[in-house]
Peer 1: 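The structure under discussion is supplied below as structure tokens; questions concerning it will follow.
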Amino acid sequence: MNFKEILNSPVKQAFQAVYGAEIATEKIQFQETRKEFEGDVTLTVFALIAVSKKSPEITANEIGDWLVANNEIVAKYNVVKGFLNISFTPQYWLQEFDAITSSAKFGFSPITEKSPVVMIEYPSPNTNKPLHLGHLRNIFLGSAISEILKATGNKVVHTCLYNDRGTNISKSMLAWTMAGSKDTPENTGLKGDHLVGKFYVQYSNAFKAELEQLVASGLSKEDAEKQSKLNKQVSDLTLKWENGDADVRSLWSKMNGWVYQGFEVTYQWLGIKPEKFYYESDVYNLGKETVQEGLEKGVFFRKDDGSIWIDLTADGLDEKVVLRSNGTTVYITQDIAVANEKERDFNLDKSIYVVGNEQEYHFKVLFLILKKLGRKYADNLFHLSYGMVELPSGKMKSREGTVVDADDLIQEMLSMAKEKTAEKGKTEGQSDADLEALYRIIGMGGLRYFLLKVDPKKKMLFNPAESIETEGHTGPFIQYSYARIKSLLRKGGEIQTGKVSIADDKILPKEITLILTISGFPEVLNEAANTYNPSVVANYAYELAKEFNQYYHETHISKETDVALRNFRLQLSGQVAAVIQNAMQLLGIEVPEKM
RNA sequence: GGUCCCGUAGCUCAGGGGAUAGAGCAACUGCCUUCUAAGCAGUCGGUCGCACGUUCGAUUCGUGCCGGGAUCACCA
């Protein structure tokens with residue numbers, strides 16, 4: 001299928017015939033032919049002149065001559081320095097196109113009984129405040145990777161771990177109680193997660209004020225924190241929760257319930273639906289058994305104060321506590337427990353954690369501990385680490401109110417889409433419901449594309465003005481290209497499917513380029529899956545759309561009078577649309593029939 | 001300080017041993033009485049952070065340095 005692989009053995013034969021010498025496969029290096037030269041693929045011959053014992057130019061020419069004479073798919077060649085630019089015959093490209101159109105969903109692999117089971121965990125938020133821009137990058141990455149893995153033949157299980165207990169939620173509970181316990185999502189009209197988040201902010205402000213007062217009275221910052229009454233109340237509340245205090249537990253359930261309801265609404269907007277939830281409140285005690293096991297195996301050790309540790313200095317890391325001196329578990333102990341639960345529940349081939357890069361150290365330690373405990377699945381764990389989203393004004397800080405709220409941002413994107421659509425004035429004949437759907441497709445598509453087009457591991461800048469742009473390297477640009485093809489197909493009339501029947505000399509260079517680009521889709525998909533990098537797919541879709549727009553501009557398609565030729569061009573356009581749609585689907589982005 | 005990540009056009013980002021390093025935005029110029037101008041074509045813009053090394057060939061690989069970020073809690 002891959003035309004580079006197709007040429008491997010002909011090139012070997014050429015060397016055998018021309019120079020009577022063997023060459024190793026890894027010496028045969030192909031690359032894409034640069035746009036300014038003619039050709040479909042380029043062989044770099046520098047590595048081969050040791051065998052040919054001739055200059056790069058002569059070697060390239062002799063190999064080129066042999067290929068044209070002896071290989072029926074090689075039409076012609078040209079040589080620039082040591083680069084042999086090879087052009088395939090039109091028949092080859094038409095056959096390639098036939099093969100592409102006859103496959104059900106080009107580039108996708110089926111999921112079968114034997115497909116590996118891959119778990120992917122995201123977004124795993126805390127339950128004390130609403131989702132923000134960082135969660136959006138997390139969710140878009142997680143869902144895009146899921147789709148990419150499914151498309152490459154994996155069964156995917158989506159999980160989400162809720163950090164639903166502890167200090168943070170206690171702060172929201174305390175503030176709510178102090179404020180008089182009247183507010184609910186129903187009577188305030190606030191989304192549950194926003195209501196709870198409001199009280200979290202209230203607590204933070206009150207705490208800050210209390211600290212300032214204590215510091216003003218002459219205490220050091222540390223002493224002030226120790227003497228803080230609010231701080232003490234939060235600890236008490238957390239302790240009561242741990243002791244199962246009925247009132248605290250019931251308030252806790254109520255407030256978490258509000259948050260889950262709020263998250264559910266956001267999830268629906270974002271199109272995600274975790275199949276399995278884990279709750280820290282369920283597992284936070286389970287880790288203790290594993291700590292015991294680790295002690296028995298000599299992996300962990302106990303310090304004088306009763307706390308339990310692992311020494312990872314031999315692995316270039318530090319000592320890490322796994323159980324506090326008061327016998328309670330820490331974050332990593334809980335994660336050990338969750339990893340065990342996941343494995344027990346699903347018997348996984350692979351388990352991916354989509355978590356920001358600030359937790360790289362944590363996951364390194366976690367995986368290492370599991371390995372030392374002898375867990376066989378430890379080698380199948382993978383931290384999909386992504387960079388932070390920064391704002392032009394700097395970092396987002398929830399305490400300073402500089403976060404971009406996910407729900408607000410979604411609403412902004414929708415109204416942007418509405419505004420731009422009205423501006424373009426192409427809405428006639430579409431119902432209100434159609435238009436609402438269109439705004440959602442454009443608004444959400446634009447946002448997703450904006451966050452996904454950047455390499456996940458890099459930190460990225462979120463510029464609000466750029467994010468709502470619909471021109472250039474954006475989601476709406478690609479969506480527009482798709483809609484325009486759909487319009488072409490509506491106007492072009494009946495298309496005959498099946499084998500293309502046009503004369504060889506009728507195929508245009510740009511059409512070959514398009515077939516070449518389309519035929520690269522499976523490779524793109526594989527690369528995205530192997531490197532867990534949706535930006536590869538995002539950039540590919542842009543490239544394809546851009547190339548089609550050039551073609552569209554310089555070629556008559558639905559207006560072509562030669563019937564067979566029109567049919568081919570419509571077929572090609574339709575195939576471009578299909579690949580754009582499939583690529584965008586992998587990113588979780590829908591494409592509109594009209595826009 | 002240790003470890004990890006990043007430095008490519010004014011800005012946001014691609015590329016990743018090979019040819020004259022690419023897009024988008026911004027600025028400027030053309031193209032809508034023919035298939036959707038959310039488009040297309042063009043102009044302007046680069047010491048690929050710096051140095052040394054490996055190589056026929058380095059923006060790409062290695063080492064060192066400089067600059068930016070993350071992390072190294074009995075927080076999660």
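Throughout, a chain's letter reflects where its sequence line sits, starting with A, and its residues are numbered from 1. Note that the structure is a prediction, hence the values are computed from the model and not measured.
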Peer 1: If only side-chain N and O atoms count, and only distance matters, is there a donor-acceptor pair under 3.5 Å linking A:Asn256 with A:Asp164?
Peer 2: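 Side chains of A:Asp164 and A:Asn256: no pair found under 3.5 Å.
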Peer 1: Going by the rule side chain to side chain contact (heavy atoms under 4.5 Å, CB included), which residues pair with A:Leu239 if we only count those two or more places apart in sequence or in a different chain?
Peer 2: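 Scan of A:Leu239 (side chain to side chain contact (heavy atoms under 4.5 Å, CB included), adjacent residues dropped) gives A:Asn243.
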Peer 1: Which residue, A:Gln29 or A:Asn463, contacts RNA chain B at a nucleotide closer to its 5' end, judged by nearest heavy atom?
Peer 2: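 Its nucleotide being nearer the 5' end, the pick is A:Asn463.
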Peer 1: Determine the Euclidean distance between corresponding P atoms of B:C4 and B:G62; express it in Å to zero decimal places.
Peer 2: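 The answer is 12 Å between these two P atoms.
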Peer 1: Determine the contact category for A:Met460: base if any of its heavy atoms lies under 4.0 Å from a base atom, sugar-phosphate if only primed atoms, P, OP1 or OP2 are that close, otherwise nothing.
Peer 2: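 If one applies the 4.0 Å heavy-atom cut-off, A:Met460 turns out to touch the sugar-phosphate alone, with no base involved.
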Peer 1: Just jot down the side chain to side chain contact (heavy atoms under 4.5 Å, CB included) partners of A:Asn285, sequence neighbours excluded, or say none.
Peer 2: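 A:Asn285 satisfies side chain to side chain contact (heavy atoms under 4.5 Å, CB included) with A:Lys288 once adjacent residues are dropped.
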Peer 1: Could you check whether A:Leu323 gets within reach of a base, just the sugar-phosphate, or nothing at all, counting any heavy atom under 4.0 Å?
Peer 2: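 No contact.
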Peer 1: For the backbone of A:Glu225 and the side chain of A:Ser228, can you confirm whether one donor and one acceptor N or O come within less than 3.5 Å of each other?
Peer 2: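 Judged by distance alone, no pair lies under 3.5 Å.
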Peer 1: What's the base orientation of B:C32: syn (chi within 90° of 0) or anti?
Peer 2: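 What B:C32 shows is a syn base, its glycosidic angle lying within 90° of 0.
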Peer 1: Tell me if the aromatic rings of A:His473 and A:Tyr449 count as close, with their centers under 6.0 Å from one another.
Peer 2: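 Here the rings of A:Tyr449 and A:His473 have centres that are less than 6.0 Å from each other.
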Peer 1: Mind checking the P distance from B:G49 to B:U8? Whole angstroms is fine.
Peer 2: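 My reading of the P atoms in B:G49 and B:U8 gives 6 Å.
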Peer 1: For A:Asn326, answer base if it contacts any base atom (sugar-phosphate contacts may also be present), sugar-phosphate if it contacts only those atoms, and nothing otherwise; contact means non-hydrogen atoms under 4.0 Å.
Peer 2: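 The residue A:Asn326 makes no contact with any strand.
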Peer 1: Measure the distance from CD on A:Gln430 to C1' on B:U36 and round it to the nearest whole Å.
Peer 2: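 Going from CD in A:Gln430 over to C1' in B:U36 covers 12 Å.
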Peer 1: Can you tell me which residue pairs pass the ring pair (Phe, Tyr, Trp, His ring centres under 6.0 Å) test with a partner in residues 23-56 of chain A, sequence neighbours excluded?
Peer 2: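 Listed once each, the pairs are A:Phe46-A:Phe83.
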Peer 1: With the six-membered base ring of B:G18 as reference, does the ring of A:Phe46 sit under 5.5 Å away with planes under 30° apart?
Peer 2: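 According to the criterion (under 5.5 Å, under 30°), yes, A:Phe46 stacks.
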Peer 1: By nearest heavy atom, map A:Leu317 and A:Glu280 onto RNA chain B; which one lands nearer the 5' end?
Peer 2: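 This one resolves to A:Leu317.
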Peer 1: Regarding A:Asn138 and A:Tyr386, is there a side-chain donor-to-acceptor distance under 3.5 Å anywhere?
Peer 2: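 Per modelled atom types, A:Asn138 and A:Tyr386 side chains form a pair under 3.5 Å.
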Peer 1: Under 4.0 Å between any heavy atoms, over every strand shown, what does A:Phe477 touch: base, sugar-phosphate, or nothing? Just pick one.
Peer 2: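 Here A:Phe477 touches the backbone only, sparing every base.
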Peer 1: Can you tell me the distance, in whole Å, between the OH atom of A:Tyr331 and the C1' atom of B:C72?
Peer 2: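 Going from OH in A:Tyr331 over to C1' in B:C72 covers 15 Å.
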Peer 1: Could you work out the separation of B:C28 and B:C44 based on their P atoms and round it to a whole Å?
Peer 2: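 About 16 Å, rounded to a whole number of Å.
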Peer 1: With a 4.0 Å cut-off on heavy atoms, is A:Glu547 in touch with a base, just the backbone sugar-phosphate, or nothing at all?
Peer 2: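 No contact at all - A:Glu547 keeps every heavy atom at 4.0 Å or more from the nucleic acid.
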Peer 1: What is the distance, rounded to the nearest whole Å, between atom NZ of A:Lys171 and atom C1' of B:A76?
Peer 2: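 The distance from NZ of A:Lys171 to C1' of B:A76 comes to 11 Å, rounded to the nearest Å.
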Peer 1: With sequence neighbours excluded, what pairs up with A:Phe548 under the ring-ring contact (aromatic ring centres under 6.0 Å, His included) test?
Peer 2: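 Per chain and number, A:Phe548 pairs via ring-ring contact (aromatic ring centres under 6.0 Å, His included) with A:Tyr551.
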Peer 1: Using Watson-Crick and G-U wobble pairs whose two distances are both under 3.5 Å, how do you write the pairing of RNA chain B as dot-bracket, with | for links to another strand?
Peer 2: (((((((..((((....[...)))).(((((.......))))).....(((((..]....))))))))))))....
Peer 1: Below 6.0 angstrom between ring centroids: does that apply to A:Trp241 and A:Tyr284?
Peer 2: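 Ring centroids of A:Trp241 and A:Tyr284 are less than 6.0 Å from each other.
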Peer 1: Once you apply a heavy-atom cut-off of 4.0 Å, does A:Thr421 come out as touching a base, just sugar-phosphate, or nothing?
Peer 2: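 Answer is base: heavy atoms of A:Thr421 come under 4.0 Å of a base.
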Peer 1: Please measure how far the C1' atom in B:C5 lies from the corresponding atom in B:C25, and state the result in whole Å.
Peer 2: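 Per the computed distance, 26 Å lies between those C1' atoms.
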Peer 1: Rounding to a whole Å, what distance do you find between A:Gln479:CD and B:G39:C1'?
Peer 2: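 Rounded to whole Å, this separation is 15 Å.
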Peer 1: Can you measure A:Glu358 atom CD to B:G69 atom C1' for me and round it to whole angstrom units?
Peer 2: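 Between C1' of B:G69 and CD of A:Glu358: 12 Å.
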Peer 1: Quick one: is A:Tyr480 getting a side-chain N or O under 4.0 Å of the B:A38 phosphate, OP1 or OP2?
Peer 2: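 Checking B:A38 against A:Tyr480, a side-chain N or O does come within under 4.0 Å of OP1 or OP2.
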Peer 1: With C1' as the reference atom in both, quote the distance from B:G30 to B:C65 in angstrom, rounded to an integer.
Peer 2: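 To the nearest whole Å, 49 Å.
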Peer 1: Could you check how far CD of A:Gln550 sits from C1' of B:G42, rounded to whole Å?
Peer 2: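 It is 13 Å, rounded to the nearest whole Å.
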Peer 1: When you compare B:U47 with B:G7, how far apart are their C1' atoms, in angstrom units rounded to a whole number?
Peer 2: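 Nearest-Å result for B:U47 against B:G7 at atom C1': 15 Å.
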Peer 1: For B:G69 and B:U55, measure between their C1' atoms and round to the nearest Å.
Peer 2: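 It works out to 33 Å between them.
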Peer 1: Can you run down the salt bridge (Lys or Arg N to Asp or Glu O under 4.0 Å) pairs that involve residues 36-52 of chain A, sequence neighbours left out, and say none if there aren't any?
Peer 2: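 Every salt bridge (Lys or Arg N to Asp or Glu O under 4.0 Å) pair that includes a residue of residues 36-52 of chain A, provided the two are not neighbours, is A:Arg34-A:Glu36, A:Glu38-A:Lys76.
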Peer 1: Scan nucleotides 5-10 of chain B against the protein and return all N/O pairs shorter than 3.5 Å with their distances rounded to 0.1 Å.
Peer 2:
residue, atom, partner, partner atom, Å
B:G7, OP1, A:Lys458, NZ, 3.3

Peer 1: How would you list all residue pairs meeting salt bridge (Lys or Arg N to Asp or Glu O under 4.0 Å) that involve residues 318-339 of chain A, not counting sequence neighbours?
Peer 2: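 Listed once each, the pairs are A:Lys303-A:Glu319.
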Peer 1: Distance between the P atoms of B:G16 and B:U60, in whole angstroms?
Peer 2: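 Pairwise P distance, B:G16 against B:U60, rounds to 14 Å.
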Peer 1: Tell me which residues in residues 554-562 of chain A lie within less than 4.0 Å of RNA chain B, going by non-hydrogen atoms.
Peer 2: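 Going residue by residue through residues 554-562 of chain A, the ones with a heavy atom under 4.0 Å of RNA chain B turn out to be A:Thr555, A:His556, A:Ile557, A:Ser558, A:Lys559.
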Peer 1: With sequence neighbours excluded, tell me which residues meet side chain to side chain contact (heavy atoms under 4.5 Å, CB included) with A:Lys53.
Peer 2: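 Once residues adjacent in sequence are excluded, A:Lys53 has no partner under the side chain to side chain contact (heavy atoms under 4.5 Å, CB included) criterion.
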Peer 1: Please answer whether the main-chain N or O of A:Val41 pairs with a side-chain N or O of A:Thr33 as donor and acceptor at a distance below 3.5 Å.
Peer 2: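 Confirmed, A:Thr33 side chain pairs with A:Val41 backbone.
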Peer 1: Ignoring hydrogens and angles, tell me if any N or O in the side chain of A:Ser204 forms a donor-acceptor pair with the backbone of A:Tyr200 under 3.5 Å.
Peer 2: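 Pair found, side chain donor or acceptor close to backbone of A:Tyr200.
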Peer 1: Quiz question: by atom type and distance under 3.5 Å, do the side chains of A:Asn128 and A:Ser172 form a donor-acceptor pair?
Peer 2: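 Short answer, no.
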Peer 1: Give the B/S/- string for nucleotides 19-33 of chain B, one per nucleotide from 5' to 3', where a protein heavy atom under 4.0 Å of the base yields B, of only the sugar-phosphate yields S, and otherwise -.
Peer 2: BS-SSSS--------
Peer 1: What is the distance, rounded to the nearest whole Å, between atom CG of A:Leu488 and atom P of B:A37?
Peer 2: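 One finds 10 Å between P of B:A37 and CG of A:Leu488, rounded.
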Peer 1: When you get a sec, tell me which of B:A38, B:C35, B:A76 is the closest nucleotide to the side chain of A:Lys420?
Peer 2: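 The nucleotide sitting nearest to the side chain is B:A38.
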Peer 1: Check this one for me: any side-chain N or O of A:Tyr552 less than 4.0 Å away from OP1 or OP2 of B:A37?
Peer 2: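 Looking at the OP1 and OP2 atoms of B:A37, one of them is under 4.0 Å from a side-chain N or O of A:Tyr552.
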Peer 1: Would you say A:Arg324 places a side-chain N or O within less than 4.0 Å of OP1 or OP2 belonging to B:C75?
Peer 2: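 Indeed, a polar side-chain atom of A:Arg324 lies that close.
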Peer 1: Using atom CG of A:Asn539 as one end and atom P of B:G16 as the other, report the distance to the nearest whole Å.
Peer 2: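 It works out to 11 Å between those atoms.
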Peer 1: I'd like to know whether the aromatic ring centres of A:Tyr162 and A:Tyr278 sit less than 6.0 Å apart in this structure.
Peer 2: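 Between A:Tyr162 and A:Tyr278, the centre distance exceeds or equals 6.0 Å.
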Peer 1: Quick test of your reading: applying side chain to side chain donor-acceptor pair (under 3.5 Å), list the pairs with at least one residue in residues 552-564 of chain A, sequence neighbours left out, ordered by first then second residue.
Peer 2: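 Residue pairs with at least one partner in residues 552-564 of chain A: A:Glu560-A:Arg569.
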